Amino acid sequence: MFEKVNEILEQIRPSLKADGGDVELVEVTPENIVKVRLQGACKGCPMSQMTLRMGVERVLREEIPEITEVVAV
C-alpha cells in the first residue's frame, strides 16, 4: 500500500511544486490512514488544509478507495 500511495503522490507533486510546496509520505497505518508531511510553501500556508483535503486526499481516495483518511503530521 505504501508504494502505491507514493506512486500517486508522485503524480500530485508537480502541481504542489509549482506553488513552491511538496508532500512527503510518512506512513500508511494498518487502518489505511495516510500520514503525510507538507513541505516548502505548503508547510505554513493558510490554505494547506484545503490543499490536503481537496487535492491530496481526494486524488488518493479516488485511486485507492480503501484509504480512510489523509492527515498531516
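Here the structure is a predicted model, which is why all the values come from computation and not from measurement. Counting begins at 1 with the first residue of the sequence.
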Can you tell me how far the CG atom of L25 sits from the CD atom of E7, to the nearest 0.5 Å? 11.5 Å
Nearest non-hydrogen partners of N32 and M1, listed with the distance: OD1-CE, 3.4 Å
Output a table of donor-acceptor pairs, distance under 3.5 Å, between side-chain atoms of residues 58-67 and any protein atom two or more places apart or on a different chain; print 'none' if there are none.
unit_1, atom_1, unit_2, atom_2, d
R58, NE, M54, O, 2.8
R58, NH1, E62, OE2, 3.1
R61, NE, I67, O, 3.3
R61, NH1, E57, OE2, 3.4

Are V26 and F2 grouped together when hydrophobic residues (ILVMFWY) are joined by side-chain heavy atoms under 4.5 angstrom apart? no
To the nearest 0.5 angstrom, please state how far the OG1 atom of T29 sits from the CD atom of E69. 9.0 Å
Which heavy atom of S48 sits nearest a heavy atom of C42, and at what distance? CB-O, 3.2 Å
Measure across V70 and V36 and return the closest heavy-atom pair with its distance rounded to 0.1 Å. CG1-CG2, 4.2 Å
Determine whether L16 and M50 fall in the same hydrophobic cluster, where Ile, Leu, Val, Met, Phe, Trp and Tyr are linked whenever their side-chain heavy atoms lie under 4.5 Å apart. no
Find the distance between CG (D19) and CE (M47) and round it off to the nearest 0.5 Å. 11.0 Å
Positive for side chain to side chain contact (heavy atoms under 4.5 Å, CB included) with L38, one of V73, V23, D22: V23
Does R13 pair with E10 as a salt bridge, N-O distance under 4.0 Å? yes
When rounded to the nearest 0.5 angstrom, what is the spacing between NZ in K43 and CD in E24? 10.5 Å
Between T51 and V56, is there a donor-acceptor pair closer than 3.5 Å when you use the side chain of the first and the backbone of the second? no
